[in-house]
Amino acid sequence: SFSGSHGHAHCDALNLTYWAGGRELVSDLGYTHTIYRRFATSSASHNLVIVDEQDTSTGGSRLPWNGEMRVWEPDGELAQVVSVNQPGMAPGTSRYQRTVVLVSRPDAPAYVVDLFDVEGGAQHDWLLRGNADADQTATSPLPMAALEHSLLGPGREMVPYINEGGGSTVAIGAENANVPVEEGQETQYNVYGLLRDLRHVATDGDFTATFAFEEDGPPLTVIVLGAPGGEYFLATAPSIRRTNEDSSKVDDFLQPVIVARRTGAAPLSSRFASVLWPGEADAPQVTALRAGGEIVGVEVRHGGLRDLVIAPVELPFGPMAIDGTEIITDAPLTVIRMAGDAPIAAQATGGTLLRIGGREITLRPELTATVTACIGGYADGSPELTIEGDLPADLPLAGRPVLVEHADGRFSLLQAERLEIRDGAQVLVCAQPPDFTVEGNTTSCHYYPVAEIEGRPTLRIQPLTTWTAE
C-alpha cells in the first residue's frame with residue numbers, strides 16, 4: 001500500500017501481500033465488520049513495521065501521497081522491484097522505507113527479498129502473517145519459549161472490544177475500548193492483545209520460520225537476517241475473514257504471525273532484511289551483502305545459483321564496492337545471478353556503472369524532465385506530454401515507467417511509449433492520458449483529491465539495463 005486515504009482508511013502504510021503456487025501466502029484481512037474491526041484496520045493486522053506500538057498514518061485528502069517512489073521496475077526478467085520511502089507515516093520516523101524484490105527462479109515460483117528500513121522511535125516490530133483463509137501452523141528450528149501473556153507484555157490485559165468502534169490505543173483498565181482516553185491516562189496499544197499464543201527467542205543470529213498449511217498448499221519459509229539484540233515471536237491472531245462477519249466466531253479462526261523486534265535508544269535505525277521462500281524446495285542460504293560494513297542487500301544461494309540483490313538504504317552518490325566481492329555498482333537497484341563464481345545474468349535500474357570482476361557494464365542513468373504542457377483526463381485527455389529536458393532520442397522507452405512528481409509532493413504514474421521531436425520540442429507519448437493537465441505554471445489534478453497546484457511537475461525515467469552471459 002502506497003497512498004493515503006481514498007475512502008480506504010486502514011493503517012497499512014507499505015503493507016505487503018504475496019501470492020505463490022496458486023495460494024495467498026501472506027495475507028491482508030481486507031474489509032471486515034465484526035467487534036474486531038478496529039484490529040482489522042490497525043497496523044497490527046497488516047504486514048509492515050510498527051514503531052513504538054502506534055498505528056501508521058492513513059494520510060488524508062489534502063496530501064494522500066507523502067513520500068518518494070525510489071524505484072519502480074515492473075519489466076525485469078530476472079527481478080521486478082518497487083522501492084518507496086514514506087517518512088512520517090509511522091509516527092516519529094524520518095525514514096519509513098520498503099524495497100520489495102520479486103526474484104524469478106528457474107521452473108519454480110518467484111521468491112521475495114524484502115528490505116524494510118526505519119529510522120525513528122525506540123521499538124520497531126516487523127510483522128508478517130500467513131494465509132487468512134485456511135488453517136496453518138508456524139514453526140521454527142530455534143528453541144522458543146512459550147509465554148503466558150499476549151504481545152501487550154506481562155501483566156497487561158486487553159481492554160474488550162464490544163462493537164465495530166473502539167480505539168487501537170486505549171486507556172489501561174478502561175471498561176471497554178470505546179471509552180475515550182482522557183489527558184494524563186496511561187495507554188496501551190490494545191490491538192496487541194489479540195496477538196496471543198506467543199513463543200519467543202532472543203538471538204543476534206538469523207531467524208527462520210515456516211508457515212505450513214494443515215491441508216493442501218505450499219509452505220512459506222521466512223528467513224530474517226539477524227541483528228544485535230534481536231527478539232522474535234511466533235504468535236496467532238484472529239483470521240477474521242473466515243467468520244463471515246459473525247462476531248461470535250472471531251476467536252475461532254486463527255492465522256500465524258511472525259514478529260521481529262528491534263529496540264534501542266531513539267532515534268533507532270533498523271534494516272529488516274528477509275527472504276520469503278515459497279514451496280517444498282530446500283530453503284536457501286541467505287547472507288548479508290555489505291559495503292563499508294553497512295548492509296546493502298542480500299545474497300541468496302539456491303540450487304547451485306547465487307542471487308545478489310543490492311539495494312542500499314541511500315541512493316549511491318558514486319561507485320559502491322561490495323565487501324568481499326569483485327562487484328562495484330552505483331545503481332539504486334542491482335540484481336546479479338551467478339552459477340558458482342561465474343555471472344550468468346544481471347540487471348540494474350538507473351546508475352552509470354556495474355563491474356563484476358573484470359567485466360564492466362555501462363548503465364543508463366536516471367533521466368529527468370519538466371512537463372510544460374499536457375491535457376489530462378482519461379475520457380478527453382491526450383497521452384502526449386510536452387517536456388523540457390535532456391532525454392536522448394535513442395532511449396528505449398516502450399513500456400518504461402514514468403514517475404511524475406508534482407510541486408506539492410504528490411505523484412502520478414505513467415507508462416511511456418516513445419519520444420518525438422515536433423517543431424523543436426520534445427513530446428513524450430505515453431500509453432494513456434495523464435490524470436493531470438498542465439497549462440502555463442499551473443497543474444490541475446482531475447481526480448480525487450481534485451486540486452490545482454502552482455508549479456509544473458517533473459518526471460523521472462529510470463532506464464533498465466540487462467546483461468546475460470553468451
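Residue numbers start at 1 and run along the sequence shown. Computed over heavy atoms, backbone and side chain alike; hydrogens, waters and symmetry mates excluded.
Interatomic distance, Leu234 CG to Ile258 CD1, rounded to the nearest 0.5 Å: 6.0 Å. Within the model, atoms CG of Leu194 and CE of Met158 stand 4.5 Å from one another, a figure rounded to the nearest 0.5 Å. The structure places CG of Asp246 at 14.5 Å from NE2 of His33, a figure rounded to the nearest 0.5 Å. Rounding to the nearest 0.5 angstrom, the gap separating the CD atom in Gln97 from the CD atom in Glu314 is 7.5 Å. Separation of atoms CG (Leu353) and OG1 (Thr329) is listed at 7.0 Å; rounding is to 0.5 Å. For the atom pair CG (Leu128) and CZ (Phe211), the distance works out to 5.0 Å, reported to the nearest 0.5 Å.
Nearest approach of Gly230 to Arg262, heavy atoms of both residues: CA-NH1, 3.8 Å. When all heavy atoms are compared, the tightest approach of Cys374 to Pro434 is SG-CG, 4.0 Å. Between Leu29 and Ser239 the shortest heavy-atom distance is CD2-CA, 4.2 Å. Nearest heavy-atom pair, Leu276 versus Tyr111, reported as atom, atom and distance to 0.1 Å: O-CB, 3.3 Å. Residues Pro343 and Asp341 approach most closely at CD-O, 3.7 Å, considering heavy atoms. For the pair Pro238 and Asp251, the tightest heavy-atom approach, listed with the atom from each and the gap, is CG-OD1, 4.5 Å.
With hydrogens and angles disregarded, a donor-acceptor distance shorter than 3.5 Å links the side chain of Gln255 to the backbone of Gly130. Judged by distance alone, with hydrogens and angles left aside, the side-chain atoms of Thr210 form no donor-acceptor pair with the main-chain N or O of Ala212 at under 3.5 Å. Between the side chain of Arg460 and the backbone N or O of Met69, at least one donor-acceptor pair lies under 3.5 Å. With hydrogens and angles ignored, the 3.5 Å screen pairs a side-chain donor or acceptor of Thr93 with a backbone N or O of Gly88. Judged by distance alone, with hydrogens and angles left aside, the side-chain atoms of Asp52 form a donor-acceptor pair with the main-chain N or O of Ala122 at under 3.5 Å. A donor-acceptor pair under 3.5 Å is formed between the side chain of Asp408 and the backbone N or O of Arg410. Using a distance-only test at 3.5 Å, with no hydrogens or angles considered, a donor-acceptor pair links the side chain of Arg306 to the main chain of Gly340. Of the possible polar contacts, none joining the Thr352 side chain to the Leu363 backbone as a donor-acceptor pair under 3.5 Å is found. For the pair Arg301 (side chain) and Val286 (backbone), a donor-acceptor distance under 3.5 Å is absent. A donor-acceptor pair under 3.5 Å is formed between the side chain of Asp55 and the backbone N or O of Ser43.
Using a 3.5 Å distance cut-off with no hydrogens or angles, the side chains of Asp28 and Asn15 do pair a donor with an acceptor. For the residue pair Gln123 / Glu53, a side-chain donor-acceptor distance below 3.5 Å is found, with atom types taken as modelled. Using modelled atom types and a 3.5 Å distance limit, the side chains of Thr41 and His10 yield no donor-acceptor pair.
Residues Leu305 and Arg337 have side chains in contact (heavy-atom distance under 4.5 Å, counting atoms from C-beta outward). The shortest distance between side-chain heavy atoms of Leu413 and Leu403 falls below 4.5 Å. Using a 4.5 Å cut-off on side-chain heavy atoms (C-beta onward), Pro74 and Pro401 make contact. Contact of the Val100 side chain with the Leu16 side chain is registered, since non-hydrogen atoms from C-beta on lie closer than 4.5 Å. Considering only heavy atoms from C-beta on, Thr458 stays 4.5 Å or farther from Val371 through its side chain. A heavy-atom distance below 4.5 Å is not found between the side chains of Ser140 and Val201. Residues Leu127 and Leu195 are in side-chain contact: their nearest non-hydrogen atoms beyond the backbone lie under 4.5 Å apart. Residues Ile336 and Ile327 meet the side-chain proximity criterion, which asks for heavy atoms closer than 4.5 Å.
Every residue two or more places apart in sequence or in another chain that forms a ring-ring contact (aromatic ring centres under 6.0 Å, His included) with His406 is listed here: Phe436. Applying the ring-ring contact (aromatic ring centres under 6.0 Å, His included) rule to Phe233 yields the partners His200; only residues at least two apart in sequence or on another chain are considered. Legend: residues meeting ring-ring contact (aromatic ring centres under 6.0 Å, His included) with Tyr96, ordered by chain and number and at least two apart, are Phe116. Under the rule for a side chain to side chain donor-acceptor pair (under 3.5 Å), the partners of Ser83 that lie at least two apart in sequence or sit in another chain are Arg70, Thr99. Taking the salt bridge (charged side-chain N to carboxylate O under 4.0 Å, His left out) definition, one finds that Asp135 meets it with Arg242, sequence neighbours left out. Considering only residues two or more places apart in sequence or on other chains, Tyr232 meets the ring-ring contact (aromatic ring centres under 6.0 Å, His included) condition with Phe207.
Salt bridge present: Glu24 and Arg241 bring a charged side-chain N and a carboxylate O closer than 4.0 Å.
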Exercise. Report the C-alpha distance between Met320 and Asp330 in whole Å, list the side-chain angles of each, state the deciding distance to 0.1 Å, and finish with yes or no for side chain to side chain contact (heavy atoms under 4.5 Å, CB included).
Key: CA-CA 6 Å; Met320 177 179 62; Asp330 65 354; 6.0 Å; no
Quiz item: Under the side chain to side chain contact (heavy atoms under 4.5 Å, CB included) criterion, do Arg156 and Ser150 qualify, and how do the steps go?
Solution: CA-CA 8 Å; Arg156 292 284 180 88; Ser150 71; 5.9 Å; no
Practice problem: Kindly determine whether Glu73 and Thr349 satisfy side-chain hydrogen bond (donor to acceptor under 3.5 Å, both in side chains), including the steps that lead there. | Solution: CA-CA 7 Å; Glu73 184 49 76; Thr349 301; 3.2 Å; yes
Exercise. Tell me, with the steps shown, if Trp467 and Leu354 meet side chain to side chain contact (heavy atoms under 4.5 Å, CB included).
Key: CA-CA 10 Å; Trp467 172 87; Leu354 172 59; over 6 Å; no
Practice problem: Tell me, with the steps shown, if Glu119 and Arg95 meet salt bridge (charged side-chain N to carboxylate O under 4.0 Å, His left out). | Solution: CA-CA 5 Å; Glu119 294 179 7; Arg95 183 185 302 276; 3.4 Å; yes
Self-check item: Derivation and outcome, side chain to side chain contact (heavy atoms under 4.5 Å, CB included), residues Ile50 and Tyr189
Solution: CA-CA 11 Å; Ile50 295 174; Tyr189 189 50; 3.9 Å; yes
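Taking the six-membered ring for Trp, His446 and Tyr378 have ring centres at least 6.0 Å apart.
For Gln432, the CD atom is densely surrounded, since the number of other residues' heavy atoms within 6.0 Å is greater than 12. Atom CG of Asp204 sits in a crowded spot, with more than 12 heavy atoms from other residues, nucleotides or ligands closer than 6.0 Å. Glu294 CD: 12 or fewer foreign heavy atoms inside a 6.0 Å radius. Residue-environment remark: CD (Glu148) stays at or below the threshold of 12 foreign heavy atoms within 6.0 Å.
A cation-pi arrangement is found for Arg105 relative to Trp277, the charged atom lying closer than 6.0 Å to the ring centre and inside a 45° cone about the ring normal. Geometric assessment of Arg23 against the ring of Phe213 yields a positive cation-pi assignment under the 6.0 Å and 45° thresholds.
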